[in-house]
Amino acid sequence: MRYSQLFTKTIKEAPADETAKNAQLLIRAGYIHKEMAGVYSYLPLGKIVLDNIAQIVREEINAIGGSEVELSILQPKDIWEKTDRWDDEKVDNWFKSTLKNGTEVGISLTNEEQLANALRSFISSYQDLPVYIYQIQKKFRNELRAKSGLMRGREFLMKDLYSFSRSQKEHDEFYEKAATAYKKIYGRLGIGDITYRTYASGGIFSKYSDEFQTLSDVGEDTIYIDERKKIAVNKEVFNDEVLRELGLKKDELVEKPAVEVGNIFSLGTKYADALDVHYMDEKGSRNSIIMGSYGFGISRMMGLLAEHFADENGIIWPESIAPFKVYLAVFGADNTVLKQAEKLYEDLQKSGVEVLFDDRDVRPGEKFADADLIGCPHRVVVSEKSLKVGGVEYKKRDFDKSQIMKTDELHKQLA
RNA sequence: CGGGGAUUGGCGCAGUUGGCUAGCGCGCGCGCUUUGGGAGCGCGAGGUCGCCGGUUCGAGUCCGGCAUCCCCGACCA
């Protein structure tokens, strides 16, 4: 993409109404636009990053048998009444609206009811199960207090997966598979080393749920980590009895702030039973369906990554999710130089390298500053100076020094 | 929802005990000079000072109410 075609513009000073680093960086670099507290629009660069994160999640969930769907955002009230989650006393962060004819509808904040209910049309036999259904879609939650930029919004992008199993054993096996898939995702996003599977409060059907917590100073959660075992316990369930049960020793644990970047739950038969969805087994008797839900905040992850992968000059995206692999700048308005840059831009694209080509007629300093702020992992400069010494100038975003390369060498470097 | 802070051109800010035509920096447009880490000079465009009401000869400034934003706390099935 050509920089000159970008809809956005970088700004030097962070807006005064944001104090969260992730929001400041993403707004300054032109990734997002704030609409109101806790609600952001994604601009061209931001949309690409969001899609890149979603794609990694999609690939790993598909790999464990997930089927992607897109559920409606408007939801009927009656299914929520069946599970007793419609009342504002029970769930206080609903957005609700009313149709012209007076019918109340809910605006999607999660989808257990909806999906379990839809299952009735398609699941009747043990031969139809298990199924693993997920979507990557906006969620709306009427948070009392949105905060920390993308970390806690009222509208956010989430991957939500729901498993429907025939037995506890079948459920448990998938649950572990999902946990493994999550680990792979964090690895691909570059935060595998600071993300911990964490015991958290479970609910009715299991003592614990599993959260994935990434260490971060902006985290809302406090976790206790056992570095040797690579697991952690959320403060909300932290006590002597729990530690004994989990075989953890208090003096081996380290307390750290963390961000919840995933949460997997066993839901037992509560939802399917409440919505009266069952399956027939081999012997012809009706059985309950066991559910699990597996959340992953895509937009929150974008905020976390921007916050984590950054220095004083801007963002440093991991290659796996960067909007473009390369920031290519051309200096000066000399025709020969411009032609060389254009050619390099085309050649790189032909070989499948995503390039943001800064074709603006602005001074070098501004291009350097924008390159750092936007944070593509590789920077290439074509200039009279570089051509004179035989090539182009290459620098990794997180390196101090650049080097001169011939273009074929550069192609190899970026391959 | 409790507490604290804020709201003045697109962005960041100043504006004294109420007083002339509301300023500055960035950004934007034009011109000239520049051209390797957000250039310099000049000219210029752009603001019903968050909204409603009140006090006053006169309100960005004082008073009341409301809205919005940020932070702390509570909340986060």
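Below, read A as the first sequence line, B as the second, and so on, with proteins coming before strands; counting in each chain starts at 1. Since the model is a prediction, treat every value here as computed from it, not as a measurement.
Between the side chain of A:Asn313 and the base of B:G37, no donor-acceptor pair under 3.5 Å is found. Between the side chain of A:Glu393 and the base of B:G36, a donor-acceptor pair under 3.5 Å is found.
Comparing B:G36, B:G38, B:G37 by their nearest atom to the side chain of A:Asp372 picks out B:G37. Between B:C11, B:A77, B:C28, one nucleotide has an atom nearer to the side chain of A:Lys9 than all others, and that is B:C28.
For the OP1/OP2 pair of B:G27 and a distance below 4.0 Å, the side-chain nitrogens and oxygens of A:Lys12 include at least one atom meeting the criterion.
Using atom C1' as the reference point in both B:G50 and B:U8, the two lie 10 Å apart (nearest Å). Atom C1' of B:A39 sits at a distance of 48 Å from the matching atom of B:G73, rounded to the whole Å. Straight-line distance between the C1' atoms of B:U17 and B:C11: roughly 32 Å, to the nearest whole Å. Spacing between B:C57 and B:C43 at atom C1', rounded to whole Å, works out to 39 Å. A distance of about 38 Å separates the P atoms of B:C26 and B:G64, rounded to the whole Å. Look at the P atom in both B:G10 and B:G2: the space between them is 33 Å, to the nearest Å. Rounded to whole Å, the C1' atom of B:A45 lies 15 Å from the corresponding atom of B:G31. When the C1' atom is compared between B:G47 and B:U21, the two are found 13 Å apart, to the nearest whole Å.
Atom CG of A:Asp217 sits in a sparse spot, with 12 or fewer heavy atoms from other residues, nucleotides or ligands closer than 6.0 Å. Residue-environment remark: CG (A:Asp400) stays at or below the threshold of 12 foreign heavy atoms within 6.0 Å.
Taking atom CZ of residue A:Arg360 and atom P of nucleotide B:G27, one finds them 13 Å apart after rounding to whole Å. Between the CZ atom of A:Phe265 and the P atom of B:A77 there is a distance of 7 Å, given to the nearest Å. The distance from atom CD of A:Glu220 to atom P of B:A74 is 11 Å, rounded to the nearest whole Å. Atom P of nucleotide B:G36 and atom NZ of A:Lys388 are separated by 12 Å, given to the nearest angstrom. Nucleotide B:A77 holds its P atom 15 Å from the CG atom of A:Asn142, rounded to whole Å. At whole-Å resolution of the value, CG in A:Asn93 and P in B:A74 are 17 Å apart. Summarising the geometry, the separation between CG on A:Asp88 and C1' on B:C1 is reported as 15 Å, rounded to the nearest angstrom. In this structure, the CZ atom of A:Arg363 is 8 Å from the P atom of B:U35, given to the nearest Å.
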Under 3.5 Å, which donor-acceptor pairs do the side chains of residues 406-414 of chain A form with other protein atoms, sequence neighbours left out?
unit_1	atom_1	unit_2	atom_2	d
A:Glu409	OE1	A:Lys406	N	3.4
A:His411	ND1	A:Thr407	O	3.0
A:Gln413	NE2	A:Tyr394	OH	3.4

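Between A:Val381 and A:Asp221, it is A:Val381 whose nearest contact on RNA chain B lies nearer the 5' terminus.
B:C1: Watson-Crick or G-U partner is B:G73, with both key distances under 3.5 Å. The base-pairing partner of B:G31, taking Watson-Crick or G-U wobble contacts with both distances under 3.5 Å, is B:C41. Across all strands shown, B:A14 remains unpaired; no Watson-Crick or G-U wobble contact has both distances below 3.5 Å. Pair assignment for B:U55: none, as no Watson-Crick or G-U wobble contacts are both less than 3.5 Å. With both pairing distances under 3.5 Å, B:A67 is matched to B:U7 as a Watson-Crick or G-U wobble pair.
Relative to the six-membered ring of A:Tyr327, A:Arg379 misses at least one condition, a distance below 6.0 Å or an angle of at most 45° to the axis. Judged by the 6.0 Å and 45° rule, A:Lys96 forms a cation-pi pair with A:Trp86.
Of the candidates A:Gln213, A:Glu227, A:Glu211, A:Glu227 is the only one forming a side chain to side chain donor-acceptor pair (under 3.5 Å) with A:Tyr196.
Defined by atom type and a distance below 3.5 Å, a donor-acceptor pair is present between the side-chain atoms of A:Tyr175 and A:Asp210. Side-chain N/O atoms of A:Tyr345 and A:Asp347 include no donor and acceptor closer than 3.5 Å.
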Could you write out each protein N or O paired with an N or O of nucleotides 66-70 of chain B at a distance under 3.5 Å?
unit_1	atom_1	unit_2	atom_2	d
B:C69	OP1	A:Ala37	N	2.9
B:C69	O3'	A:Lys34	NZ	3.1
B:C70	OP1	A:Lys34	NZ	2.7
B:C70	O3'	A:Thr19	OG1	3.4

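A:Glu70 is linked by a side chain to side chain contact (heavy atoms under 4.5 Å, CB included) to A:Gln137, counting only residues two or more places apart in sequence or in another chain.
Within 4.0 Å (heavy atoms only), A:Asp370 reaches at least one base atom of the nucleic acid.
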